[in-house]
Amino acid sequence: MLSLIDKLEKNRCLSLDEYRYLIDNRDGTAADELARRAVRIRREIYGNTVFIRGLIEISNICKNDCIYCGIRRSNHSCDRYRLNPREISDCVDEGYSLGFRTFVLQGGEDEYFSDDVVCDIIRGIKNKYPDCAVTLSLGERGRESYKRMYDAGADRYLLRHETADRAHYNKLHPKEMSFDNRMECLKNLREIGYQVGCGFMVGSPYQTGAELAKDLKFIEGFKPDMCGIGPFVPHRDTPFAGEKQGTVELTCYLISIIRLIYPPVLLPATTALGTIHPLGREAGIKAGANVVMPNLSPVAARKKYELYNNKICTGEESAQCVSCLKDRMKSIGYEVVTDRGDIRKIERR
Ligand code: SAM
Ligand code: FES
C-alpha cells in the first residue's frame, strides 16, 4: 500500500487496477498517510488559506429527472421557486459586502434562464464588480450557449460528470439523459476557455471501487480546475430514498487522492459532507480540500433547494453562514481569504 502511495505522489497517476486496489484495501493508516501528503502539497501551493465561494441557488425548477436528486421533475412534493434577476443581484450585493469575490450561480435546468437572461445577469455582476469571478452551475447546455455566457463574462463552470462509467451513469439517470452528452459538455466548456469543474457523488447507488477507479482515471486525464465531490445523501421523495448514504471516511480518502493526482485543483469541502457529519467540512479540509461554499441564497429559498435530506445551512442568514465557516476553518488552523481564488497552476515542487 505504501509503495502505491509513493508511486501516486511521484507519478501523479496510477493504473485503473492500482486505483481500485487503493480504494478496496484502504484502512486508517493509508488514509492518514494520503491525507498527510495531500495537506503538505496543498500547503505548498495555497498555504493555510481556504477560498470561499458564495453559492446562490437561483432555481429549483428542473426539466431533468436524475434519479438521485430531490429537485428532479418527477418530485411533485418539491415546492418550486426561481429567483428573478433583481433578487440574484441583491444576493450578490450582500455577498460582496461580506467579502465574497466569487459567486456561483447554481440551479436546476430551468428554461426561464435562457442565454439572454443569464448573459444579462452575468454582465450586471461583472460591470458592477469587475474584481469578481462568476461561476455557473446550470447543467447541460449547447456549445453556443456556453460560448455566449463565456463571452458575457462568466469565468468558471461546474458540471459534475457524476460518474465516469457509462453503465453506472445509466443507472443513475433516466433514458433520455446521456453520458456522452455530459462528457461532450465538459469538453466544450474546456475548449471555450472556462475554468472547468467536474466531480461525482461518493457512495451513490451501484458504485463500487471499480467505478470510483474510473472517476479517478478520468480526473487524472481531464485535470479539472475544480472538482466537487461529496457524499450521496438520499432524498425521501426519490426512487433512491431507501439507499445508503456515502461516508465521510471514503469522501475524505478520495479528496486526498485527487489532491495527489492533480495538486493545484480547487477542491471544495462540500455542504453534503457537512450534512452527514457536524464536522464533515473540517474533515474535508484536513484531507486536502481548500474551498468552502457558504450559502448566499435568500433564506426563504434555501429549504426549497433540497437536493437531499437534512441539508444544512437552510435556516441561517448569509452573514451567519460566512462567520460560521470562518470560525470553523480557524478552529482547524486555516484562514478564509477573500480573493477570487483562482487555480494556481504552477506547481511548487
Ligand atoms: N443542474 C446542475 C447540474 O446538473 O450540474 C446543477 C445543480 S445539481 C442539483 C448539483 C449537484 O448536486 C449534482 O451535480 C449532484 O452531484 C448533486 N446532487 C444531487 N442530488 C444529490 C444527492 N441526493 N446527494 C448528494 N448530491 C446530490
Ligand atoms: Fe452555513 Fe455554518 S456554514 S451555518
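Just so you know, ligand 1 is whichever comes first in the structure, and atom 1 is the first atom listed for that ligand. If you're wondering where the values come from, they're calculated on a predicted model, not measured in any experiment. The figures here come from the full heavy-atom set of this structure, side chains too, leaving out hydrogens, waters and symmetry mates. We're numbering straight along the sequence, starting at 1.
Ligand 1 lies nowhere less than 4.0 angstrom from a heavy atom belonging to Cys66. The closest approach between Gly230 and ligand 1 stays at or above 4.0 Å for every heavy atom of the residue.
Only the side chain of Arg182 comes within 4.0 Å of ligand 1, counting heavy atoms alone; its backbone N, CA, C and O stay farther away. Counting heavy atoms under 4.0 Å from ligand 1, residue His235 does not touch it at all. Of all the heavy atoms of Tyr305, the ones lying under 4.0 Å from any atom of ligand 1 belong exclusively to the side chain. Proximity of Pro231 to ligand 1, defined as any heavy-atom pair under 4.0 Å, is confined to the backbone N, CA, C and O atoms.
Inclusion of Arg160 in the set of residues having an N or O under 3.5 Å from an N or O of ligand 1 is warranted. Annotation: Ala272 places no N or O atom under 3.5 Å from an N or O atom of ligand 1; distance criterion only. Below 3.5 Å of separation, one finds no N or O of Ser137 facing any N or O of ligand 1. For a threshold of 3.5 Å applied to N or O pairs, the pair formed by Phe232 and ligand 1 contains no separation below that value.
Remark: the backbone N or O of Arg340 is not paired with any side-chain donor or acceptor of Arg101 at under 3.5 angstrom.
One distance of note links NZ of Lys147 with OG of Ser145; it measures 12.0 Å at 0.5 Å rounding.
We find that Glu176 and Lys63 are not joined by a salt bridge, their nearest charged nitrogen and carboxylate oxygen being 4.0 Å or further apart. We find that Glu211 and Lys214 are not joined by a salt bridge, their nearest charged nitrogen and carboxylate oxygen being 4.0 Å or further apart.
Aromatic rings from Phe232 and Tyr68 are positioned such that their centres are separated by 6.0 Å or more.
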